[in-house]
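As structure tokens, the structure follows; a few thoughts come after it.
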Amino acid sequence: VSCKQESASNSEIKSFELPELLLAEDGTPVRTAEQWQAGRRGEVLELFREYVYGKVPDVNPEIRYVVTFSDDHALCGTAKMKEVDMQITWKGDTVSVSMLIYLPCGVETPVPLFLGLNFYGNHTIHMDQNISLTRNYLRNKPEYCIFDHKATEKSRGVGAFRWPVERILARGYGLVTIYYGDLDPDFDDGFKNGIHGLLDSHDLPRDSSAWGSISAWAWGLSRAMDYFEQDPDIDHQKVALTGHSRLGKTSLWAGARDERFALVISNNSGCGGAALSRRKSGERLTDINTSFPHWFAGRFHSYNDREQDLPVDQHMLMALIAPRPLYVASARNDDWADPTGEYLSLFYSAEVYRLFGFDVPENRELPLVNKPVHTGRLAYHIRSGNHGIGRYDWENYLDFADEQFRLK
Ligand code: GTR
């Protein structure tokens, strides 16, 4: 039996029914963390693979990690910086993905870190002249000096306001970032480029559950985690995955797929990320699948205008992250991402966190603006202002990581 949920958004009252999270496909109610972990979790994960993000092909490329640059005295001697090339080889072709790694200096033990993809190239996150420019396709952005889909020296540091590198390091964390277009260029290219081009079988017609770009980006994050497991400077058991907007959708899916990520953050991820699809508020499936036909599995498109028929909703994606810490953040003016839907999704995912014995938020009402709420393993804030990520968001993520990693 599905339960009916009422929710007030602006002046409108909407009702929707969510699929049962704690009912296994054979009709057995899920009452314990063991039942969830051993059975239902796998079912829900498979539904997201089949219907939403798509399946990674069952192939085993060779992956080499090559340190291409290192500087032990980066950022005026406060950081160790290195660039590690992830070289993914399959059937004689190679895709190279550059990981930019900053670690705080003077720390003898392996450090926890934040991992996140970036939108415009690693060199846009900081003015550091040693960061290499990507050679791959970029979305044009004249205000970032990005024309003709190419990186230039002029765009060094243009995205730095989103990446408080020095602050992250001062708080004792490393930061690793990867340009998402190194993994898969963000345009509808018929899945010919990036790791789709490399790993897909091009002989057969594309399956309706084949992986879209979000799955490709998420897969790449897991390959970064494979590297962390080999790097003695990194505490791979304390990796916080973060992402903004489409990259927040990606961090949720990556965190759901790969239980090695110890903490997952969704910043303004909205439709296909944190927001409940059934609320039909802000961006709808039709909008996202029309503007970005390459992000999701083909099958997801058949739910345009009929969100209520999907076998999952996004609270179930978040439940896959349980019992690991999860932070969802919204922005007050970001109606397109439906802040209420983002919060409710977190709220309903709590059914699974409760099975694991954690305290969960009791209040269905959207928390007050600029008043973060942390309950057990779940955290939420709605910041004043627009769609974006800045200092306020980062300070809260750092506080949450401090709190949760201390408990481990
Ligand atoms: C928007 C899209 C959103 C969000 C955003 C972004 O155009 O509709 O779903 O992903 O882009 O990633 O910046």
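Indexing begins at 1, ligand by ligand and atom by atom, following the structure's order. Everything numeric in this text was worked out from a predicted model, so none of it was measured.
Here the protein heavy atom with the shortest distance to atom 7 (O) of ligand 1 is Phe292 CZ, 3.5 Å.
Salt bridge Arg167/Glu395: present, at least one basic N to carboxylate O contact under 4.0 Å.
Residues His196 and Phe191 place their aromatic rings such that the two centres sit under 6.0 Å apart.
Of the polar atoms of Ser245, at least one N or O is found under 3.5 Å from an N or O of ligand 1, judged by distance alone.
Looking at His387, Glu283, Lys249, Arg246 and measuring to atom 8 (O) of ligand 1, the nearest heavy atom belongs to Glu283.
Close approach to Trp336 involves these atoms of ligand 1, each under 4.0 Å from a residue heavy atom: 2 (C), 8 (O). Contact atoms of ligand 1 toward Trp295: 9 (O), 10 (O) (distance under 4.0 Å to a heavy atom of the residue).
Screening residues 242-286 for ring pair (Phe, Tyr, Trp, His ring centres under 6.0 Å), with sequence neighbours left out, gives Tyr53-Trp253, His244-His387.
Taking a 6.0 Å sphere around CZ of Arg332, one finds it holds 12 or fewer heavy atoms contributed by other residues, nucleotides or ligands.
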Per-pair distances, 0.1 Å, donor-acceptor, side chain in residues 58-69, under 3.5 Å, sequence neighbours excluded:
from	atom 1	to	atom 2	distance (Å)
Arg64	NH1	Gln87	OE1	3.4
Tyr65	OH	Arg223	O	2.7
Thr68	OG1	Glu83	O	3.2

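Residue-level proximity to ligand 1 for Ile288 is carried by the side chain, the only part with a heavy atom below 4.0 angstrom.
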